[in-house]
2 protein chains.
Amino acid sequence: MSAPEAQRSARPRALRPSAKVLPEHARSHNRSLVLQHLYRGGLQSRADLARETGLTRVTVSDLVAELIADGLVVETGQREEGRPGKPAILLDVNRDGHRIIGIDLSDTGVFRGAVLDIDGRLVTRMEAETDGAAGDEVAAVAVQLVRDLVAAADRPILGVGIGSPGIVDLAGRVLSAPNLEWSDLALQSIVEKTIGLPVLVANDANAAALAEHSFGAAVGDLMLIRVGRGVGAGLILGGMPVFGSRFAAGELGHVVVGTDGGELCVCGKHGCLETWLSVPRLRAGLAAASDDADRDAVLRRAGERLGIALAPVVGALNLDEVVISGPVELLDGPLTQAAIETFRARTMAEFHGRLTVRMSDLGQDIVMRGAAAMVLSGRLGVS
Amino acid sequence: MSAPEAQRSARPRALRPSAKVLPEHARSHNRSLVLQHLYRGGLQSRADLARETGLTRVTVSDLVAELIADGLVVETGQREEGRPGKPAILLDVNRDGHRIIGIDLSDTGVFRGAVLDIDGRLVTRMEAETDGAAGDEVAAVAVQLVRDLVAAADRPILGVGIGSPGIVDLAGRVLSAPNLEWSDLALQSIVEKTIGLPVLVANDANAAALAEHSFGAAVGDLMLIRVGRGVGAGLILGGMPVFGSRFAAGELGHVVVGTDGGELCVCGKHGCLETWLSVPRLRAGLAAASDDADRDAVLRRAGERLGIALAPVVGALNLDEVVISGPVELLDGPLTQAAIETFRARTMAEFHGRLTVRMSDLGQDIVMRGAAAMVLSGRLGVS
DNA sequence: ACATGTTTGTTAGTAAAGCGTACGAACAAA
DNA sequence: TTTGTTCGTACGCTTTACTAACAAACATGT
């Protein structure tokens with residue numbers, strides 16, 4: 001036991017000051033809570049919702065009345081069950097009452113967009129060629145695509161979600177997107193002003209991760225690896241996307257993998273994850289391969305590198321799931337298999353016994369559906 | 001544009017159902033908010049707090065009255081300023097009115113504990129030898145240490161924080177701590193029942209990370225690497241600790257680093273981070289070294305491995321800071337320097353320009369102070 | 001057939017939380 | 001002394017969710 005000693009002032013310094021909470025905020029939280037249960041659980045009565053949420057029947061009734069007035073919830077008739085008591089009036093989210101616009105700007109040469117319903121199903125699909133445009137010009141193409149989709153929607157539109165390549169901040173500014181030659185482009189506010197609807201912009205990999213979380217088979221904390229021209233990742237921890245302090249979370253493409261050199265990358269380093277795993281490099285490797293065994297080896301080598309890069313991340317975050325998204329013919333098979341094996345060989349299996357590594361089954365629409373999930377989450381508090 | 005197509009049901013499955021929010025929860029949030037501002041900002045008047053929090057002077061007055069009644073806040077006289085108007089009554093957290101017990105179970109052979117004040121300064125320090133005990137026996141040593149510290153405290157005790165090695169769940173159960181031969185030990189509830197005070201238990205690396213966040217020089221998202229008998233890490237993202245889905249976040253010690261083999265680890269793999277970086281291995285390496293240059297090389301090699309392991313994690317999370325905690329004579333110097341260099345060589349500097357890698361300056365007390373921070377955060381909502 | 005019990009949804013009244021307005025107190029400057 | 005400013009508090013109001021009570025609608029047992 002020692003006497004109190006001189007220590008430097010222990011008072012912590014500034015942080016984000018958090019915000020006050022008013023009763024109305026609590027109300028909107030509970031409103032979202034009710035909507036969320038209804039969204040997931042399907043047909044339920046007010047009494048069911050009260051039991052599930054822990055709120056009173058009275059309160060639920062009140063919230064539901066508000067949701068019905070807003071057109072978000074509808075009564076769908078009575079429950080036909082041989083139970084005693086007054087039959088329940090079933091409620092459901094007004095799944096066909098609204099539309100969402102989802103945009104994917106991440107592909108090369110073409111912007112994809114769609115009108116989606118509340119459940120994230122594509123209703124109308126559109127594309128817009130970018131014809132090698134860049135900067136403001138290509139931004140105008142995106143805006144026009146949104147405009148066309150808004151015109152094509154046959155229901156009120158909840159909002160517009162956009163998945164963009166590059167670094168995107170929380171206000172929907174694209175801080176840097178080299179392929180489109182965007183820097184500090186206030187995409188969200190531009191589209192919002194033009195269209196007059198709520199707009200949300202996020203990085204494409206983050207959007208994809210959200211899609212997997214909301215509409216895919218994902219269960220808990222997950223990382224989504226997007227393999228395309230480059231390699232990017234999106235992270236969902238505890239149901240919330242991880243953005244990183246400079247909004248650059250998931251920028252894994254230019255991390256060097258392994259300690260044995262590697263090919264030269266456009267960034268000037270050797271052995272970046274992209275040099276092992278990007279689609280162009282994979283295709284080139286396959287084209288140069290002489291036979292099937294050789295092709296297999298190319299894919300397995302890429303998968304091994306992915307496993308090597310993932311091991312520390314999964315260890316540090318104790319993830320449940322790693323999902324890979326990209327061209328199925330390249331990624332599904334030896335590549336994923338090798339990633340799993342490498343990963344298992346390089347981490348403690350007992351901590352990560354439940355980790356699954358798999359391909360996404362959302363296909364090419366993953367970013368558009370993720371963009372829709374952003375709108376659902378941002379506007380309705382539903383995920 | 002294509003017609004609506006058949007897609008598999010898009011409805012997401014079960015997630016954490018979140019919880020309802022009642023007005024009283026909002027109140028306690030605002031109460032914590034006021035306390036937080038006071039804790040960080042020092043002497044302030046009610047009107048100051050109202051301006052900073054956005055709440056009304058009336059509401060702040062009400063909350064402050066409650067905090068004064070609870071003994072957490074005191075009036076410390078009037079402000080002496082040549083300003084017009086009624087002079088302000090200054091408030092401050094009752095910094096000397098309560099104590100916190102902080103416990104560190106992570107060291108080999110000895111448990112450390114301390115009575116701390118609200119600002120995280122050590123007031124009374126104690127130690128308890130474990131004498132090679134294990135299981136329930138060594139748990140009893142910990143309980144006795146807490147009891148002694150409670151008896152030594154000269155003020156009301158806010159709570160007990162414990163940093164334990166191993167995997168600890170959110171309820172303070174130590175799921176697995178091989179060194180102490182604990183598995184599924186409900187440490188928090190055991191101590192709580194014995195002592196009759198609020199108890200919080202967390203992993204030692206997580207506690208250390210919290211200490212760095214609360215009392216150290218840390219600014220934003222950070223990862224704390226704890227180098228001792230093994231290697232562990234704690235993560236703070238957005239001010240919140242990351243636990244991982246199986247509560248095993250930060251278990252980096254047994255991730256294989258590099259692609260060029262490495263020494264055999266106790267876990268059976270070759271080249272785990274622990275085989276490069278643990279204190280025993282470092283000391284052995286230094287002892288075997290012939291001259292200073294050789295010793296430097298040993299430390300640099302270890303630092304390089306740390307950098308290799310960190311690169312994907314920092315890339316994936318876009319961290320602000322990596323803090324290293326452990327024996328200064330080993331870690332501070334060539335090792336840290338090599339880690340920084342390796343790291344910079346393996347990632348995109350432009351994304352991580354603001355990343356800093358440094359030693360913690362909280363020394364040996366880091367876990368105890370982190371344990372105190374857990375109590376501050378859990379009991380007062382202050383961080 | 002009829003009473004009984006159950007479940008549902010609503011009405012009425014209550015407690016808590018924070019707001020806006022207004023007021024007295026205490027001070028500086030003119 | 002007067003004026004203007006700032007601080008802290010008293011009062012009344014709105015919002016929110018709660019409890020209690022009730023009517024409606026149904027199944028079941030006698």
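Labels below follow one simple rule: chain letters A, B, ... track the order of the sequence lines, proteins then strands, and each chain is numbered from 1.
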Heavy-atom check, side chain of B:His98 versus side chain of B:Pro156, under 4.5 Å: yes
Just how far, in rounded Å, is [atom2] of [N] from [atom1] of [X]?
X       : N      : atom1 : atom2 : answer
B:His25 : C:dG18 : NE2   : P     : 13 Å
B:Gln78 : D:dG8  : CD    : C1'   : 12 Å
A:Arg46 : C:dG9  : CZ    : P     : 6 Å
A:Leu91 : C:dT8  : CG    : P     : 12 Å
A:Leu55 : C:dT8  : CG    : C1'   : 17 Å
A:Leu49 : D:dA17 : CG    : C1'   : 16 Å
A:Leu90 : C:dG9  : CG    : C1'   : 13 Å
A:Arg79 : D:dA25 : CZ    : P     : 18 Å

A:Asp48 side-chain N/O to A:Ser45 backbone N/O, donor-acceptor pair under 3.5 Å: yes
[N] phosphate, OP1 or OP2: any side-chain N/O from [X] under 4.0 angstrom?
X       : N      : result
B:Thr56 : C:dC19 : yes
A:Ser45 : C:dT7  : no
B:Asn30 : C:dG18 : yes
B:Arg51 : D:dT6  : no
B:Arg57 : C:dG20 : no
A:Thr59 : D:dC18 : yes
A:Arg27 : D:dA17 : yes
B:Lys86 : C:dC23 : no
B:Lys20 : D:dC18 : yes

Give the nucleotide from the list [options] with an atom nearest to the side chain of [X].
X       : options                : result
B:Ala88 : D:dA17, C:dT7, D:dC7   : D:dC7
B:Leu22 : D:dC26, D:dG8, D:dC18  : D:dC18
B:Ile89 : D:dC18, D:dT16, D:dG8  : D:dG8
B:Ser61 : D:dG8, C:dG18, C:dC27  : D:dG8
B:Val58 : C:dC27, D:dA21, C:dC19 : C:dC19

Distance-minimising heavy-atom pair for B:Gly238 and B:Asp221: N-OD1, 2.7 Å
Derivation and outcome, salt bridge (charged side-chain N to carboxylate O under 4.0 Å, His left out), residues B:Glu24 and B:Arg31: CA-CA 10 Å; B:Glu24 72 202 70; B:Arg31 198 184 113 123; over 6 Å; no
Check ion pair A:Asp117-A:Arg95 (N to O, under 4.0 angstrom): no
Electrostatic pair A:Glu52:A:Arg40 at N-O distance under 4.0 angstrom: no
Upstream residue (5' side of DNA chain D) when A:Glu66 and A:Pro87 are each assigned their closest nucleotide: A:Glu66
5'-most by nearest nucleotide on DNA chain C - A:Val21 or A:Asp48: A:Asp48
